[in-house]
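From a predicted model like this one, the values you see are computed outputs, not experimental measurements. Sequential numbering from 1 along the given sequence is applied to the chain's residues.
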Amino acid sequence: QIIKSNVTYGEVMHSKNLNVQKIMIPVDEYPSIREDEPIGNAVALILAHSSSDNRHLHYKELLVIDSDDQLVGMLDVASILRSFFFFILGNSTKQVFVGKKQSHTDLSILLEDHFRVECKRQTAVAVRQYMHKPHRSIDASMHILHALEIIIKDQERTLPVTENGILLGAVRVTDIFRALGSYCTM
């Protein structure tokens with residue numbers, strides 16, 4: 001189990017105050033990386049948090065912090081892949097294959113070797129080049145239904161959790177689902 005907490009989900013659901021702090025992943029347990037580290041380290045960190053059979057990732061996003069331990073961004077696997085495979089996944093208007101008008105083609109598998117070369121080429125580039133600024137953070141005392149509303153409306157998967165401007169951790173849509181899902185079972 002990834003989430004370590006002194007509070008069980010049953011206790012969370014029987015509580016009158018269902019706040020984010022009760023279900024968030026504390027900052028010292030959520031994977032984070034410094035903005036000046038190479039992207040290769042970020043890839044390794046994400047892969048290190050995999051299931052025991054290495055087939056599934058536990059985290060699809062990293063918190064990015066600066067030298068003062070302040071949150072400066074988020075880095076997700078889609079952004080990394082988009083950067084490494086920009087010629088297919090990027091926002092380019094350039095046509096990759098002559099005659100093909102679709103943005104995703106069956107011929108994209110022919111570019112696998114180019115993807116490998118591009119990964120190696122970009123390995124040393126700083127994380128700050130790939131991260132995105134967090135759209136917002138939420139307060140630890142926020143009710144989980146309010147956090148869910150923000151996540152769904154803003155199309156986020158993870159939100160940083162703060163208290164008085166200090167990063168405490170992060171809450172994911174899956175953490176909220178886990179807490180609220182008990183309402184939906186028989």
[X] versus [Y], closest heavy-atom pair with distance:
| X | Y | result |
| --- | --- | --- |
| Val72 | Pro134 | O-CD, 3.8 Å |
| Ser50 | Leu47 | OG-O, 2.6 Å |
| Asp139 | Glu163 | OD1-CA, 4.0 Å |
| Ala147 | Leu159 | O-CD1, 4.2 Å |
| Ala126 | Glu35 | CB-O, 3.8 Å |
| Val127 | Ala42 | CG2-CB, 4.0 Å |

Are the side chains of [Y] and [X] in contact, using a 4.5 Å heavy-atom criterion?
| X | Y | value |
| --- | --- | --- |
| Ser83 | Gln122 | yes |
| Leu75 | Ile39 | yes |
| Lys120 | Phe84 | no |
| Ile176 | Ile151 | yes |
| Arg178 | Ile23 | no |
| Ile25 | Tyr59 | yes |

Judged by atom type as modelled, is there a donor-acceptor pair below 3.5 Å linking the side chain of [X] to the main-chain atoms of [Y]?
| X | Y | answer |
| --- | --- | --- |
| His132 | Met74 | yes |
| Asp68 | Gln70 | no |
| Asp154 | Glu156 | no |
| Thr158 | Val171 | no |

Going from [atom1] on [X] to [atom2] on [Y], what distance comes out if it is rounded to the nearest 0.5 angstrom?
| X | Y | atom1 | atom2 | answer |
| --- | --- | --- | --- | --- |
| Asn19 | Ile144 | CG | CD1 | 8.5 Å |
| Lys133 | Leu71 | NZ | CG | 9.0 Å |
| Leu18 | Leu148 | CG | CG | 12.0 Å |
| Leu62 | Ser32 | CG | OG | 8.0 Å |
| Ser79 | Lys60 | OG | NZ | 14.5 Å |
| Ser51 | Leu57 | OG | CG | 8.0 Å |

Can you get from [X] to [Y] by hopping between Ile, Leu, Val, Met, Phe, Trp and Tyr side chains that sit under 4.5 Å apart?
| X | Y | value |
| --- | --- | --- |
| Val125 | Val117 | no |
| Met142 | Ile152 | yes |
| Ile166 | Leu63 | no |
| Phe177 | Val161 | no |
| Ile150 | Met24 | yes |

task: Starting from the C-alpha separation in whole Å, work towards a yes-or-no answer on side-chain contact (heavy atoms from CB on, under 4.5 Å) for Ile80 and Ile46.
output: CA-CA 11 Å; Ile80 296 169; Ile46 291 170; 3.9 Å; yes

message: Heavy-atom count check: over 12 atoms from other residues, nucleotides or ligands less than 6.0 Å from Asn164 CG?
response: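 No, because the 6.0 Å sphere around CG of Asn164 holds 12 heavy atoms or fewer from other groups.
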
Between [Y] and [X], is the closest basic N to carboxylate O distance under 4.0 Å?
| X | Y | result |
| --- | --- | --- |
| Arg128 | Asp66 | no |
| Arg34 | Glu37 | no |
| Asp175 | Arg172 | yes |

